[in-house]
Amino acid sequence: MKTGEKLRQLWHDPKKRAALLAAGLALLLLCGTVTFFAVRRHRANEALLSELTATVPTTVPTTVPTTAAPTTLPTTTEAPKPVGTTRAETLAETKPPKREKPKQTANVLLDVPFIDQRAKYPTGCESVSAVMVMRYYGMDISPEYFIDHLLAKGGTPVKDSSGTYFGDDPRKVFLGSPYSEAGWGCYAPVIVDAVNKYIDHDKFEVKAVYNQSPDALCRQYIDKGVPVLFWATADMAPSYVGKTWYISGTSETFTWTGPMHCLVLVGYNSSGYFFNDPLQSKSFYYAKSKVTKAYNALGRQAVVLQKAVPKPTEPSTVEQTTEQTTLPVSTTEQTTPPASTAAPTTEAATTLA
């Protein structure tokens with residue numbers, strides 16, 4: 001029997017028709033109820049999602065812990081920071097801005113060629129500084145030539161069997177080798193002697209300068225375009241008292257002050273000074289208070305190389321001869337008595353005769 005005929009028979013039977021209608025109505029009610037609750041749940045989920053979106057950044061992962069924040073966290077009302085990101089630009093934004101020292105501007109600044117000592121001359125600051133100044137005046141000289149041919153060198157202090165130290169005088173020779181980390185250094189007179197071996201004395205002069213304040217050196221030399229070799233401590237650090245030794249062949253002792261350094265004073269402003277520091281860079285700035293302490297600790301010594309003052313020309317031989325020949329005439333004129341006194345002198349001579 002076909003399906004259509006079976007349905008017609010069931011429909012014409014009152015009991016079966018009522019059962020079919022009841023079943024259909026129940027199914028309809030069930031579907032409506034399910035649909036109602038599904039729609040209601042969907043709307044509730046949408047409302048919850050909208051609320052979360054409005055209060056939590058979209059970058060928060062779904063696994064963020066829901067525990068309360070530790071009581072040690074700040075109680076400020078700052079906006080929530082992104083969580084779970086490692087982007088470099090985001091991390092950089094959360095760091096406080098780096099404070100840099102304001103760049104110093106010099107009132108006067110000399111353009112002196114710069115040489116870095118650190119690679120080849122670890123203890124050769126005096127020689128390197130001298131060569132910087134010599135090149136400033138156009139001299140074609142290298143640190144190697146200065147060290148090998150001009151600089152007087154001696155030995156570093158050594159200890160004898162009794163524990164007493166003996167060594168050379170750093171005011172006369174460089175102690176050790178400027179090429180070595182074990183080198184010590186030298187004082188202003190050694191550099192003066194070395195430079196004197198090289199310069200043309202008709203054009204340049206070099207001298208040691210003592211007990212002039214840094215400000216005085218600036219007024220007297222920097223303002224006139226003359227750089228200054230300057231003894232101080234390395235990095236303008238606090239000084240310390242080093243070894244004391246007997247100068248070889250004498251009974252005199254010498255006490256070393258460290259960390260000794262030599263650099264070139266090239267400029268200044270109201271708060272500090274600028275140096276060609278062979279341990280740092282060209283036109284490196286140091287504050288006045290540090291420079292003054294470091295300079296005083298090393299004996300307030302400096303070296304100045306500058307153009308020689310022209311010597312006055314001496315009179316020529318012809319001028320000297322003229323003076324000698326005219327001088328007697330002038331003298332005769334001054335000593336010749338007047339005509340009124342000449343006659344008595346003659347008469348007296350005649351009488352005596």
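For clarity, every value in this text was computed on a predicted model and none was experimentally measured.
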Margin query: Take a 6.0 Å sphere around NZ of Lys282 and say whether it holds more than 12 heavy atoms from other residues, nucleotides or ligands.
Written below: yes
*Just by distance, with hydrogens left out, do Tyr246 and Asp160 show a side-chain donor and acceptor under 3.5 Å apart?*
no
Worksheet item: Does a donor on one side chain and an acceptor on the other come within less than 3.5 Å for Tyr121 and Glu144?
Response: yes
Looking at Ser281, is its backbone amide N or carbonyl O close enough to the side chain of Asn276 to form a donor-acceptor pair, meaning the two atoms are under 3.5 Å apart? no
Look at atom CZ of Phe284 and say whether more than 12 heavy atoms of other residues, nucleotides or ligands are closer to it than 6.0 Å.
yes
### Centroid separation Tyr187 to Phe254 less than 6.0 Å
yes
Taking Gln117 for the side chain and Val128 for the main chain, is one N or O donor matched with an acceptor at less than 3.5 Å?
-> no
Does the Thr292 side chain pair with the main chain of Ser289, one donor and one acceptor, at a distance under 3.5 Å?
no
Say whether, by atom type as modelled, one donor and one acceptor occur between the side chain of Thr123 and the main chain of Ser180 under 3.5 angstrom.
-> yes
Do side-chain atoms of His201 reach the backbone of Ala308 as a donor and acceptor pair under 3.5 angstrom?
-> no
By side chain to side chain contact (heavy atoms under 4.5 Å, CB included), Lys290 pairs with (sequence neighbours left out) Met236
Q. Going by heavy atoms in the side chains, are Ile191 and Leu151 under 4.5 Å from each other?
A. yes
Report, one line per pair, each donor and acceptor closer than 3.5 Å where one atom sits in a side chain of residues 261-273; sequence neighbours left out.
| unit_1 | atom_1 | unit_2 | atom_2 | d |
| --- | --- | --- | --- | --- |
| His261 | NE2 | Asp277 | OD1 | 2.8 |
| Tyr268 | OH | Asp223 | OD1 | 2.6 |
| Tyr268 | OH | Asp223 | OD2 | 3.4 |
| Asn269 | OD1 | Ser271 | N | 3.0 |
| Asn269 | OD1 | Ser271 | OG | 3.3 |
| Asn269 | OD1 | Gly272 | N | 2.9 |
| Asn269 | ND2 | Gln104 | OE1 | 3.0 |
| Asn269 | ND2 | Thr105 | O | 3.1 |
| Ser271 | OG | Tyr285 | OH | 2.7 |
| Tyr273 | OH | Asp215 | OD1 | 2.6 |

* Would you say the side chain of Trp245 lies within less than 4.5 Å of the side chain of Leu175, judging by non-hydrogen atoms? -> yes
### Verify same cluster id: Phe204, Val192 (apolar side-chain graph, 4.5 Å)
yes
Distance-only criterion, 3.5 Å: show the donor-acceptor pairs between side-chain atoms of residues 136-143 and protein atoms not counting sequence neighbours.
| unit_1 | atom_1 | unit_2 | atom_2 | d |
| --- | --- | --- | --- | --- |
| Tyr136 | OH | Gly225 | O | 2.8 |
| Tyr137 | OH | Leu305 | O | 2.7 |
| Ser142 | OG | Tyr145 | N | 3.1 |

Original post:
When you measure from the side chain of Gln212 to the backbone N and O of Val209, does any donor-acceptor pair fall under 3.5 Å?
Top reply: no
The salt bridge (charged side-chain N to carboxylate O under 4.0 Å, His left out) partners of Asp235 (sequence neighbours excluded) come to none
Salt bridge (Lys or Arg N to Asp or Glu O under 4.0 Å) pairs touching residues 205-214, sequence neighbours excluded, are none
The complete set of salt bridge (Lys or Arg N to Asp or Glu O under 4.0 Å) pairs with one or both residues in residues 168-194, sequence neighbours excluded, reads Asp169-Arg171, Arg171-Glu252
